[in-house]
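Let me begin by presenting the structure, written as structure tokens, before commenting on it.
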Amino acid sequence: MSQFNQKVYELLIKVPAGRITTYKVIAETLGTKAYRAVGNALKNNPDAPRIPCHRVIKSSGNIGGFNGETNGKEIQQKIYLLKKEGIKIEEGQIQNLPDVLFYFS
DNA sequence: GCGCTTATCGCAC
DNA sequence: GTGCGATAAGCGC
């Protein structure tokens with residue numbers, strides 16, 4: 001666990017409700033291009049309820065590989081909640097990505 | 001639009 | 001030291 005992972009968690013925690021972010025944004029915010037490392041940080045996930053991995057998506061606007069592989073129902077429930085927040089998701093694909101995408105300005 | 005290649009970080013072997 | 005993994009961007013087709 002290095003500062004990289006630590007940063008990823010902190011950034012994720014900063015993400016407000018009803019908002020999501022992408023691996024690209026996180027990596028860029030950290031000043032690196034190790035997008036995959038971000039995914040690793042999330043899969044490590046030392047604070048599951050604190051680290052909303054389901055809020056982290058790919059730059060393409062579609063959910064990552066954790067969707068359906070973790071618990072299916074659980075992740076879908078979270079997605080449903082996000083949809084209620086205003087995020088439009090369909091089959092793991094973000095419809096209004098630019099509207100809900102959160103950048104760590 | 002799809003597939004292959006390169007870059008990059010952390011972790012396991 | 002090498003390879004793999006929740007990816008991304010570039011290049012060719």
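So you know, we letter chains A, B, ... as the sequences are listed, proteins then strands, and number each from 1. All of these numbers come straight from a predicted model, not from anything done at the bench.
Close approach of DNA chain B to chain A, defined as any atom under 4.0 Å from a non-hydrogen atom of the protein, starts and stops at B:dA7 to B:dC11.
The line from NZ of A:K43 to CD1 of A:I51 is 15.5 Å long, rounded to the nearest 0.5 Å. Note that NE2 of A:H54 is 8.5 Å distant from CD1 of A:I79, once rounded to the nearest 0.5 Å. To the nearest 0.5 Å, atom NZ of residue A:K14 and atom CG of residue A:L12 are 11.0 Å apart. The structure places CZ of A:R55 at 13.0 Å from CG of A:L101, a figure rounded to the nearest 0.5 Å. To the nearest 0.5 Å, atoms CD1 (A:I26) and NZ (A:K7) are separated by 13.0 Å. In this structure, CD1 on A:I13 lies 5.5 Å from CZ on A:R50, to the nearest 0.5 angstrom.
Between the P atom of C:dA8 and the CG atom of A:L97 lies a distance of 11 Å, rounded to the nearest Å. For the pair A:I63 CD1 and C:dA8 P, the interatomic distance rounds to 12 Å; values are reported in whole Å. In this structure, A:I79 places its CD1 atom 13 Å from C1' of C:dA6, rounding to the nearest Å.
C:dA6 adopts a syn glycosidic conformation, its chi angle falling within 90° of 0.
Residue pairs meeting the side-chain hydrogen bond (donor to acceptor under 3.5 Å, both in side chains) criterion with at least one partner in residues 94-105 of chain A, sequence neighbours excluded, are A:E90-A:Q95. Residue pairs meeting the ring-ring contact (aromatic ring centres under 6.0 Å, His included) criterion with at least one partner in residues 5-38 of chain A, sequence neighbours excluded, are absent.
Contacts between residues 53-62 of chain A and DNA chain C, counted as heavy-atom distances below 4.0 Å, involve A:C53, A:K58, A:S59. Less than 4.0 Å separates DNA chain B from at least one heavy atom of each of the following residues of residues 10-33 of chain A: A:T32, A:K33.
Counting only Watson-Crick and G-U wobble pairs whose two key distances fall under 3.5 Å, DNA chain C forms stems of three or more stacked pairs at B:1-7 with C:7-13, B:9-13 with C:1-5.
A:I57 is listed as a side-chain neighbour of A:L97, based on a closest heavy-atom distance under 4.5 Å. The shortest side-chain heavy-atom distance between A:V56 and A:V8 does not fall under the 4.5 Å cut-off.
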